[in-house]
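Please read the structure below before turning to the comments.
In what follows, every chain begins at residue 1, and chains take the letters A, B, ... in the order their sequences are listed. Only this structure's heavy atoms are used, side chains among them; waters, hydrogens and symmetry mates stay out.
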Number of protein chains: 2
Amino acid sequence: MDSTDSEAADPPRSPVVRGSHPLGPAALMDGVGAVAALGALAQEHRLALFRLLVQAGPDGMAAGAIAEALGVPNSSLSFHLAQLSRAGLISQERQHRSLIYRADYPAMNALVGYLLENCCGGAGCMPEAACGPADAALSRQRKSA
Amino acid sequence: MDSTDSEAADPPRSPVVRGSHPLGPAALMDGVGAVAALGALAQEHRLALFRLLVQAGPDGMAAGAIAEALGVPNSSLSFHLAQLSRAGLISQERQHRSLIYRADYPAMNALVGYLLENCCGGAGCMPEAACGPADAALSRQRKSA
DNA sequence: ACGTCATTTCGATAGTTTTCGAATTTATAT
DNA sequence: ATATAAATTCGAAAACTATCGAAATGACGT
């Protein structure tokens with residue numbers, strides 16, 4: 001009752017690609033990566049944080065601004081940023097004295113892709129869509145730097 | 001400092017629809033439900049379990065068969081089934097002596113929909129798809145029992 | 001009623017996550 | 001150099017999650 005599967009619940013982790021945290025082309029996702037990404041988003045503050053970064057668009061947001069917006073203490077936020085970062089869902093860049101964080105759209109695409117492929121019966125779940133780095137309605141009004 | 005958001009990180013949970021665990025029309029998902037669903041899937045065994053149920057299709061699988069397939073002790077599996085059930089991602093039905101579990105496709109659609117809507121820049125992430133209860137490629141080849 | 005099979009609940013243990021103040025690091029301005 | 005600002009790491013407490021054997025529940029056949 002198996003064999004047709006690629007990965008399931010067994011200890012022997014296969015030597016697949018795995019993590020490309022520092023803003024890489026995370027175009028593909030395996031089960032391990034999916035668990036990491038899901039776990040990173042499975043927390044009230046972190047889901048809100050990620051949503052915020054997605055809304056912020058390509059400009060990203062500084063850590064302090066995020067902490068302010070979410071009403072989370074600075075050190076707690078840092079912890080959550082690290083979690084998302086470790087899962088490859090966000091990227092960091094220094095700008096003057098601030099650290100700017102951005103949502104990693106390819107990584108999110110890969111996660112949704114994994115869910116559609118593996119958890120929706122091999123077909124998919126939603127009507128149709130096309131993803132750029134958040135520009136449809138939100139960042140239309142901002143020029144980016 | 002905020003206000004433009006619908007839900008973020010504040011304690012006062014809004015009186016939205018929320019959980020309809022026992023196989024309900026979970027067509028819409030809020031942030032709280034999304035965190036629950038993401039958390040339910042953010043675990044090696046549970047992700048494998050859910051995948052298995054998606055592949056099993058509308059026929060579902062008995063708890064024992066699942067435990068066997070995943071190589072997880074019976075009582076551990078029960079715990080994981082309860083987690084997925086609590087998140088509304090699977091449903092249960094008694095059949096003779098066995099309990100049959102099934103993936104709840106509408107719930108999964110709602111989760112993916114939430115991610116596309118809220119975490120992909122308001123546009124979406126994937127090219128195109130259409131979701132029925134897992135029949136496209138997988139259950140095509142199974143006869144069902 | 002009794003035995004048996006299928007599953008869940010209980011209870012204890014080990015491990016992981018979340019939280020946040022205090023101390024520290026990194027960068028800039030004077 | 002020294003001060004100030006922006007974030008991170010450290011450390012320790014509280015809360016949660018995962019694991020699994022043993023006992024309990026529920027359904028069925030005889």
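Between its two ends, the helix from C/dA1-D/dT30 to C/dT30-D/dA1 turns its axis by 20°, counting five pairs per end and rounding to 10 degrees.
Residue pairs meeting the ring pair (Phe, Tyr, Trp, His ring centres under 6.0 Å) criterion with at least one member in residues 61-93 of chain B, sequence neighbours excluded, are B/His45-B/His80.
Across B/Ala103 and B/Phe50, no two heavy atoms sit closer than the pair CB-CE1, 3.9 Å. Closest approach of B/Leu81 to B/Ala63, counting heavy atoms only: CD1-CB, 4.1 Å.
Residues passing the side-chain contact (heavy atoms from CB on, under 4.5 Å) test with B/Ser75, sequence neighbours excluded: none. Among residues two or more places apart in sequence or in another chain, the side-chain hydrogen bond (donor to acceptor under 3.5 Å, both in side chains) test is passed with A/Glu93 by A/Arg102.
One atom, CG of B/Leu49, and another, P of D/dT19, lie 12 Å apart when rounded to the nearest Å. B/Gln43 places its CD atom 18 Å from the P atom of D/dC16, with the value rounded to the nearest Å. Between B/Glu44 atom CD and D/dT17 atom P the separation is 18 Å, expressed in whole Å.
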Scoring nucleotides 2-14 of chain D by protein non-hydrogen atoms under 4.0 Å (B base, S sugar-phosphate only, - none) yields ---SSSBB-----

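At D/dT17, none of the side-chain N or O atoms of B/His80 fall inside 4.0 Å of OP1 or OP2 (strictly under the cut-off).
Not one N or O on the side chain of B/Tyr114 forms a donor-acceptor pair closer than 3.5 Å with the backbone of B/Leu28.
Boundaries of the chain A contact region on DNA chain C are C/dT18 to C/dA29, first to last in 5' to 3' order (nucleotide atom under 4.0 Å from a heavy atom).
Remark on DNA chain C: of its neighbouring residues A/His96 and A/Gly39, the 5'-side contact belongs to A/Gly39, judged by nearest-heavy-atom nucleotide. Residue-to-nucleotide proximity on DNA chain C shows that, of A/Gln95 and A/Gln83, the 5′-proximal contact is made by A/Gln83.
In this structure the side chain of B/Leu115 reaches within 4.5 angstrom of the side chain of A/Met108, judged on heavy atoms.
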